[in-house]
Peer 1: 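One structure, as structure tokens, below. Some questions next.
Position 1 is the first residue of the sequence, and the numbers go up from there. Whatever order the structure lists ligands and atoms in, that order sets their numbers, starting from 1.
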Amino acid sequence: MLNSLNRMEKAFDIGLDSLVAEKRPPAPAPEIISGSPQRGTFYLETFGCQMNDHDSEKVAGVLLSRGYRQVESIDAASFILYNTCSIREKAAQKVFSRLGEFSEAPSQGKMIGVLGCVAQQEGEKIFHRSPWVNLVCGSASYSKLPELLSQLEAGEKRVTGLDTDTDETFETEMTRRDNPWRAYLTIIEGCDKACSYCVVPFTRGPERSRSSDSVLRELRQLAELGYTEVQFLGQTVNSYADPAPRKMKFSELLLVAAEMPGMRRVRFTTSHPRDFHPDIVEAIENNEKVCNHVHLPVQSGSTPVLRAMQRTYSRDEYLEKIAMMRNARRPIAITSDIIVGFPGETEADFEETLRLMQEVKYEAIFAFKYSPRPNTPAQSMPDAIPEEEKSRRLAVLLDLQRKIQTDANQKLIGQDFEVHVEGKSRKENQWSGHTSCNRVVNFSSSQPDLLGSYVRARVNGVTPNCLIGEQTI
Ligand code: SAM
Ligand code: SF4
């Protein structure tokens, strides 16, 4: 998928612009747990990445299990929560302007909570800017949510969870998943990589992995509930370090997960080039259930810029990882994140990035204009690139990627793919889903109920962002 996005990770989700997802209700997630007291209603809105989406699913689970009921509108809610993102500037501004609309909340008996990266970054300042806010909690403190909610329920007006110095992961008894077939499962939280432009190490705390026992226990539950696809999540998912005595490697975890009865597909994102080793490629080669898609962000094609970004690899080292995948026995789709206009990025550096894209021929990219972020080393670096120039570079880069994708997709005409069907069009007999390599396929079929099933479709047309086809089996 070709993207210059605010919600970069959304593009990994199914691109159903013209389609209506006729979802079955999410797998059993009772609105109110029997035996728990009935409390108020909550509305939860999420900004940012897939990890935020999944954190929100777990936060919703915590609230539901305490007797709150989820509602789809702010008006119907007694507790309004925003799970925020601060990767780029505009996301934080958007949250503050949203909070500005709730000055009447206390007089209406409503509570307001701010969760996620903006909560962590702004901390108690949020109370000064929006005094009607009651809860400010960063993701590293989510395991304390039950405690914080108890304090609010006991009448406290302002509570915070802002500690990032933790070795705990956020595990819940209950998660309210939005997708009825594909489940997110966070296996590693936080980040220790310290890229010079990025707020994540400050907002999400240090890297901490969930034990393989706990991951596999949840996976078994998911399979029993009827999920057939899991997506392992982590800011650097392949840096997974099992704290359990069995010390399962990331590639082993993929293979064990793929063998779980009922699971048809195991995905993972995002991989960091430094920790991307041949055993991961071998896992993909040796087990069809491990999806043949790797998101391996490069950020820049210029070694001096990569050094200034503190990415811990050079252009050549990155290209060695790409060669490893392109030489695999099973074709692997490779996608990437790229930042344009990093401080000091010259025209020659930018052209190195374009050349790298021509060499790798990514199946999709997410491209961003560099945005200076608080507390990060890059914020005070000299030679900032003017906004117009960043926009120009972004447009050139996206134009090149569009051509690369159009050419690559053309070559797929006539090929068959297995499609996991996740959407139905308003147009009759039109369906949509993903391949194992994460391509979106819109296809025709006269069969009546395909949602959630796996079918084969033959490609007979393409756009830069999706394949068009018809069902064969
Ligand atoms: N951990 C992943 C990795 O290392 O690639 C990425 C996580 S980050 C949430 C997603 C993407 O946002 C990054 O890959 C980067 O391209 C982009 N990003 C992060 N900070 C940025 C900044 N200050 N300005 C522009 N883009 C940024
Ligand atoms: Fe941010 Fe770098 Fe960590 Fe990714 S690896 S989350 S870009 S610090």
Side-chain angles (χ1 to χ4, degrees), residues 3-12 46-55 83-92 116-118 120-121 139-140 164 186-208 232-240 268-276 294-301 305-313 318 321 334-343 345 353 357 362 364-381 384-385 387 390-391 393-394 397-398 401:
N3 260 299
S4 140
L5 297 172
N6 288 329
R7 304 206 49 169
M8 85 114 200
E9 295 74 5
K10 279 295 175 196
F12 280 124
T46 309
F47 298 82
C49 62
Q50 283 163 317
M51 290 203 69
N52 264 14
D53 284 340
H54 184 43
D55 284 346
N83 187 2
T84 62
C85 166
S86 62
I87 283 286
R88 282 166 299 280
E89 206 160 15
K90 291 218 172 75
C117 294
V118 176
Q120 191 65 52
Q121 194 175 288
S139 67
T164 51
T186 299
I187 63 165
I188 172 169
E189 296 180 20
C191 182
D192 285 346
K193 301 292 185 294
C195 301
S196 63
Y197 50 81
C198 184
V199 288
V200 169
F202 305 98
T203 57
R204 286 189 170 269
E207 259 169 36
R208 49 214 192 271
F232 286 152
L233 295 180
Q235 292 295 344
T236 53
V237 74
N238 57 328
S239 307
Y240 178 76
F268 54 97
T269 197
T270 293
S271 296
H272 191 284
R274 197 191 72 183
D275 296 330
F276 195 81
V294 173
H295 186 60
L296 196 72
V298 66
Q299 312 299 357
S300 167
V305 174
L306 288 171
R307 205 175 298 126
M309 288 177 164
Q310 292 169 203
R311 281 295 287 183
T312 72
Y313 52 83
Y318 180 85
K321 312 274 174 176
I334 309 172
T335 56
S336 192
D337 295 347
I338 297 179
I339 298 177
V340 296
F342 188 77
E345 182 189 68
T353 300
M357 286 167 60
Y362 290 112
I365 61 162
F366 302 94
F368 309 98
K369 290 191 274 183
Y370 167 71
S371 157
R373 310 309 299 128
N375 304 318
T376 59
Q379 191 191 20
S380 49
M381 284 182 185
I385 309 297
E387 275 309 307
K390 286 188 207 169
S391 301
R393 289 182 191 179
L394 184 66
L397 187 140
L398 290 175
Q401 181 62 20

Peer 1: Looking at L296, is its backbone amide N or carbonyl O close enough to the side chain of Y318 to form a donor-acceptor pair, meaning the two atoms are under 3.5 Å apart?
Peer 2: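 Present.
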Peer 1: Counting backbone and side chain alike, does C195 bring an N/O/S atom below 2.8 Å of atom 1 (Fe) of ligand 2?
Peer 2: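 Coordinating: no.
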Peer 1: How far is atom 7 (S) of ligand 2 from its nearest protein heavy atom, and which residue and atom is that?
Peer 2: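 That would be Y197 OH, 3.4 Å.
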Peer 1: Nearest heavy-atom pair of C191 and Q235: which atoms, and what distance?
Peer 2: CB-CB, 4.4 Å
Peer 1: Which residue owns the protein heavy atom closest to atom 1 (Fe) of ligand 2, what's the atom, and how far is it?
Peer 2: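 Its nearest protein heavy-atom neighbour is C198 SG, 2.3 Å.
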Peer 1: Would K369 count as a contact of ligand 1 if the rule is a heavy atom under 4.0 Å away?
Peer 2: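 A heavy atom of K369 does come that close to ligand 1.
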Peer 1: Determine whether a donor-acceptor pair (N or O, by modelled atom type, separation under 3.5 Å) exists between the side chain of T46 and the backbone of N52.
Peer 2: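 No, T46 side chain to N52 backbone: no donor-acceptor pair under 3.5 Å.
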Peer 1: Any atoms of ligand 2 less than 4.0 Å from a non-hydrogen atom of P201? List them with their elements.
Peer 2: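 With P201 as reference, the close atoms of ligand 2 come out as 8 (S).
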Peer 1: Would you mind running through ligand 2 and noting each atom that sits below 4.0 Å from a heavy atom of T236?
Peer 2: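 It comes down to these atoms of ligand 2: 5 (S).
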Peer 1: Tell me the closest heavy-atom pair linking T353 and S300, and the distance in Å.
Peer 2: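 Answer, listing the atom of T353 first, then S300: OG1-OG, 3.7 Å.
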Peer 1: Below 4.0 Å, non-hydrogen atoms only: which portion of R88 touches ligand 1? Side chain, backbone, both or neither.
Peer 2: side chain
Peer 1: If you measure from each non-hydrogen atom of Q235 to ligand 1, which part falls under 4.0 Å: side chain, backbone, both or neither?
Peer 2: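 Contact part for Q235 vs ligand 1: both backbone and side chain.
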Peer 1: Determine, considering heavy atoms only, which of R373, R311, K193 sits nearest to atom 4 (Fe) of ligand 2.
Peer 2: R311
Peer 1: Could you tell me whether ligand 1 has any atom less than 4.0 Å away from a heavy atom of R311?
Peer 2: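 Judged by the 4.0 Å heavy-atom criterion, R311 does count as contacting ligand 1.
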Peer 1: Which atoms of ligand 2 sit under 4.0 Å from any heavy atom of H272?
Peer 2: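 This gives 5 (S) as the contact atoms.
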Peer 1: Drop me the distance from L306's CG to T312's OG1, to the nearest 0.5 angstrom.
Peer 2: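 Result: 9.0 Å between the selected atoms.
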Peer 1: Which atoms of ligand 1 are found less than 4.0 Å from any heavy atom of F368?
Peer 2: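 What qualifies from ligand 1 is 11 (C), 12 (O), 16 (O), 17 (C), 25 (C), 26 (N).
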Peer 1: What's the separation between atom CD in Q121 and atom SG in C85, rounded to the nearest 0.5 Å?
Peer 2: 9.5 Å
Peer 1: Answer side chain, backbone, both or neither: which part of S371 comes under 4.0 Å from ligand 1, heavy atoms only.
Peer 2: both
Peer 1: Looking only at heavy atoms, which two atoms of S271 and V294 are closest? And how far apart?
Peer 2: OG-CG1, 4.3 Å
Peer 1: Between D337, T270, T236, which one has a non-hydrogen atom sitting closest to atom 10 (C) of ligand 1?
Peer 2: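 Looking at heavy atoms only, the winner is D337.
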Peer 1: Give me the one residue out of I338, D337, V340 that meets side-chain contact (heavy atoms from CB on, under 4.5 Å) with Q299.
Peer 2: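 The single option meeting the side-chain contact (heavy atoms from CB on, under 4.5 Å) with Q299 is D337.
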Peer 1: With backbone taken as N, CA, C and O and side chain as the heavy atoms from C-beta onward, which portion of Q50 lies under 4.0 Å from ligand 1: side chain, backbone, both, or neither?
Peer 2: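 No part of Q50 comes within reach of ligand 1.
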Peer 1: Nearest 0.5 Å, what's the CE-SG distance between M309 and C195?
Peer 2: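 M309 CE to C195 SG: 8.5 Å, rounded to 0.5 Å.
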Peer 1: How far apart are the closest heavy atoms of H295 and F366, and which atoms are they?
Peer 2: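 Looks like CE1-CD1, 3.6 Å.
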Peer 1: Looking only at heavy atoms, what is the nearest atom pair of F232 and V237, with distance?
Peer 2: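 Here F232 and V237 meet closest at O-CG2, 3.8 Å.
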Peer 1: Checking a contact table here: which protein heavy atom is nearest atom 3 (Fe) of ligand 2, and how many Å away?
Peer 2: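 So the nearest neighbour among protein heavy atoms is C191 SG, 2.3 Å.
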Peer 1: Let me know which of R274, H272, K193 forms a side chain to side chain donor-acceptor pair (under 3.5 Å) with S239.
Peer 2: K193
Peer 1: Taking N or O atoms only and a 3.5 Å limit, does H272 qualify as a polar contact for ligand 1?
Peer 2: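 It does not: no N or O of H272 is found under 3.5 Å from an N or O of ligand 1.
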Peer 1: Is the backbone of A308 close enough, under 3.5 Å, to the side chain of S196 for a donor and an acceptor to pair up by distance?
Peer 2: yes
Peer 1: Under 4.0 Å from ligand 1, counting heavy atoms only, is it the side chain of Y197, its backbone, both or neither?
Peer 2: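 It is both backbone and side chain that touch ligand 1.
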Peer 1: Which ligand 1 atoms are under 4.0 Å away from a heavy-atom of P297?
Peer 2: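 Result: 5 (O).
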Peer 1: For Y370 and ligand 1, does the shortest N/O to N/O distance drop below 3.5 Å?
Peer 2: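 No; the residue has no nitrogen or oxygen that sits under 3.5 Å from a nitrogen or oxygen of the ligand.
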Peer 1: Which of the atoms of ligand 1 are close to R373, meaning less than 4.0 Å from one of its heavy atoms?
Peer 2: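 Those of ligand 1 that fall under 4.0 Å from R373 are 23 (N).
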